[in-house]
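Below is one structure, written out as structure tokens, with a few remarks after it.
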Amino acid sequence: MSASAVVSLRGVGKTFENGTVALAGLSLDIAEGEFVSLLGPSGCGKSTALRIIAGLSEASTGAVTAPHDDVGFVFQDPTLMPWATVADNVMLPFKLGAAHSADASAAVTQALARVGLSEFAGAFPRELSGGMRMRASIARALVTEPRLLLMDEPFAALDEITRFKLNNDLLAVWQEMRRTVIFVTHSVFESVFLSQRILVMTARPGRVFTEIDIPVAYPRDESFRTSAEYAGYCRQVSEALAQAMGVVA
Amino acid sequence: MSDRALRTALPFVMLGLTVFVWDLAVLWFAIPPYVLPAPGVVAATLVNDAPLLLQSLLVTLTITFQGFLLAAVGGIALAIVFNQWRVADYALYPYAVILQVTPVVAIAPLLLIYLPQPLAVLACAWIVAFFPVLANTTLGLNSVDRNLLALFQLYKASRWQILLRLKLPAALPEILAGLRIAGGLSLIGAVVAEIAAGSAGAGSGLAYRIAESGYRLNISRMFAALLLLSLAGVAIFFVLSALSHALLHRWHESAVRQER
């Protein structure tokens, strides 16, 4: 484990009660401030790995090092409390007492501003579009300024236009805050656009097949998304993914 | 005519039509008032017997309200206990079901032997109204979004916080649905017990008036009392629906008006 690693998994395995082996021999290191994607087919155990890193699930075997107490988590669904306003939803981490802030409402205001939802603080989730709900969910994960931000296919259910916009905005926030992000996705294009490093996973049982660096400077914008360089990385990652899936298929 | 206006107007048109046909039939077939009184006669009875009937209505409504309140508090409290302690759930739930599926008409005479009459009537109202609150609240508390629960655990929420800030608000629509059912049922329970008690010669609620008027062949008073009971039931339904709407309309899909 390198000195600056925030998250470190060593030979982590996870077997569910029904006998399904979700992970076997998963090892990875994530450095402080890094943006890493876990890329793999559905059912490869990416989400399970993320839940283990968050401390929501126990590894059956192996060693896990992660800052369980200083984590923000964004689920695939916005997972907002429908009975509470956007501001109250974002305030939740402070209300539950795990996180403390000298001025919680200032933190909420700032988190909402970061995701562009300042004007919707008083709105209820059902009054928002899918993209805006996800923004609120991200604001809630950011409000405690966690050391580690875990994102479980957060944009998978959104349309492409909204998804691109949220990808851009997420990168802007990340550059501003420079927290460690682990981003789970099954989209090659999304992982290449966002990350510094992509861990390609195999399915059943899940483990890291290979890793690919994307040494492209930030800020990355629309010109990167349409560049030949981007297309090249996408092809490279797609081939790796195909091989990863071929390993078991 | 807008859909909304139609929905408001049509039931009243139906009512008017029914009363008209009823009146016409009584006139046409010369039905004597001790078999079927004309609507006008029922209305006159309602006015003439108003002091007696309203006093009885008050008795029945008081029992209904008390039974409902006990059912609401008891049902929600027991559902919380079941949700928090699985052992209590396993031990007691079958008996809650048995209490519910045993017809209250059959329980009422027994209760009237063991309990003073007003208490027996109250117990009947409670037994009937209690289960829907318990069942619906249990369902609501158990169907919390798994991810929200995980989120609460991530932020180290206490059991108490999970109950107050997550499970109870999430269960609110189901709790209110249970209360809406319980409101109508507690009236039914009170009436059933009053009838059972009434035949034993005691009581002064509306249902007792109906039984009593039956023995005296005072059919128009039976109709008048019945009308008051239905109105009471409708009023209970509307009050509870309004409460539900007030609590849910900002956030819950069931209470959001659909744009067309």
Side-chain angles (χ1 to χ4, degrees), chain A residues 47-48 50-58 66-86 88-101 104 122-128 133 136-138 140-141 143-144 146 148-154, chain B residues 76 79-80 83-84 86 136-137 139-180 241-260:
Chain A
S47 298
T48 307
L50 211 60
R51 293 175 73 89
I52 288 174
I53 293 170
L56 288 172
S57 178
E58 294 271 326
H68 291 329
D69 291 335
D70 200 3
V71 166
F73 202 108
V74 181
F75 296 89
Q76 186 169 355
D77 301 314
T79 316
L80 300 170
M81 300 177 292
W83 55 85
T85 60
V86 167
D88 286 341
N89 267 290
V90 175
M91 181 71 93
L92 182 72
F94 297 121
K95 295 273 183 194
L96 296 182
H100 294 285
S101 172
F124 282 83
R126 54 157 285 270
E127 296 165 335
L128 304 180
R133 281 179 212 172
S137 188
I138 293 170
R140 179 181 57 197
V143 76
T144 60
L148 176 63
L149 180 61
L150 304 172
M151 306 183 85
D152 188 4
E153 302 191 30
Chain B
I76 293 170
I80 290 173
N83 184 266
Q84 296 292 307
R86 212 184 310 168
N136 275 5
T137 307
L139 175 73
L141 291 176
N142 288 340
S143 42
V144 165
D145 184 324
R146 298 282 149 207
N147 284 339
L148 264 178
L149 198 59
L151 193 81
F152 271 63
Q153 284 158 1
L154 192 77
Y155 289 120
K156 311 277 180 284
S158 66
R159 202 169 167 172
W160 188 239
Q161 283 175 322
I162 289 178
L163 178 67
L164 282 187
R165 289 187 176 276
L166 178 60
K167 287 186 170 176
L168 278 176
L172 193 60
E174 279 85 2
I175 293 175
L176 287 166
L179 290 183
R180 272 212 303 274
S241 296
L243 175 75
S244 179
H245 183 78
L247 290 177
L248 298 182
H249 77 283
R250 290 229 47 193
W251 63 272
H252 196 252
E253 290 299 333
S254 72
V256 176
R257 197 172 299 142
Q258 191 86 43
E259 291 271 343
R260 284 183 216 207

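Proteins get letters first, then strands, A, B, ... in listed order; numbering begins at 1 in each.
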Quiz prompt | A:Arg140 versus chain B, the contacting section by heavy-atom distance below 4.5 Å | solution = both
Quiz prompt | Matching residue for B:Asn147 among A:Asp77, A:Asp152, A:Leu56 - test: side chain to side chain contact (heavy atoms under 4.5 Å, CB included) | solution = A:Asp77
Quiz item: Should A:Leu96 and B:Lys156 be marked as a side-chain contact (heavy atoms from CB on, under 4.5 Å) after you check the CA-CA gap, both sets of side-chain angles, and the distance that decides it?
Solution: CA-CA 7 Å; A:Leu96 296 182; B:Lys156 311 277 180 284; over 6 Å; no
Quiz item: Closest approach of A:Trp83 and B:Leu166, non-hydrogen atoms and distance?
Solution: CH2-O, 3.6 Å
Quiz prompt | Non-hydrogen side-chain atoms of A:Thr85 and B:Arg250 separated by less than 4.5 Å | solution = no
Quiz prompt | B:Gln161 side chain vs A:Lys95 backbone, donor-acceptor pair below 3.5 Å | solution = yes
Quiz item: With only heavy atoms counted, which part of A:Glu127 is less than 4.5 Å from chain B, the side chain, the backbone, both or neither?
Solution: side chain
Quiz prompt | Partners passing salt bridge (charged side-chain N to carboxylate O under 4.0 Å, His left out) against A:Glu153 (at least two apart in sequence or in another chain) | solution = A:Lys46
Self-check item: A:Ala141 versus B:Tyr155, closest heavy-atom pair with distance
Solution: CA-OH, 4.1 Å
Quiz item: For B:Asn142, which residues count as a side-chain hydrogen bond (donor to acceptor under 3.5 Å, both in side chains) partner, sequence neighbours excluded?
Solution: B:Asn83
Practice problem: Decide yes or no on side-chain contact (heavy atoms from CB on, under 4.5 Å) for B:His252 and A:Phe124, but give the supporting numbers first. | Solution: CA-CA 10 Å; B:His252 196 252; A:Phe124 282 83; over 6 Å; no
Quiz item: Would a 4.5 Å heavy-atom cut-off, applied to side chains only, mark B:Leu151 and A:Leu92 as touching?
Solution: yes
Quiz item: Closest approach of B:Trp251 and A:Pro82, non-hydrogen atoms and distance?
Solution: CB-O, 2.8 Å
Self-check item: Residue A:Phe73 versus chain B: region with a heavy atom under 4.5 Å
Solution: both
Self-check item: Residue part contacting chain A, namely of B:Arg146, when any heavy atom lies under 4.5 Å
Solution: neither
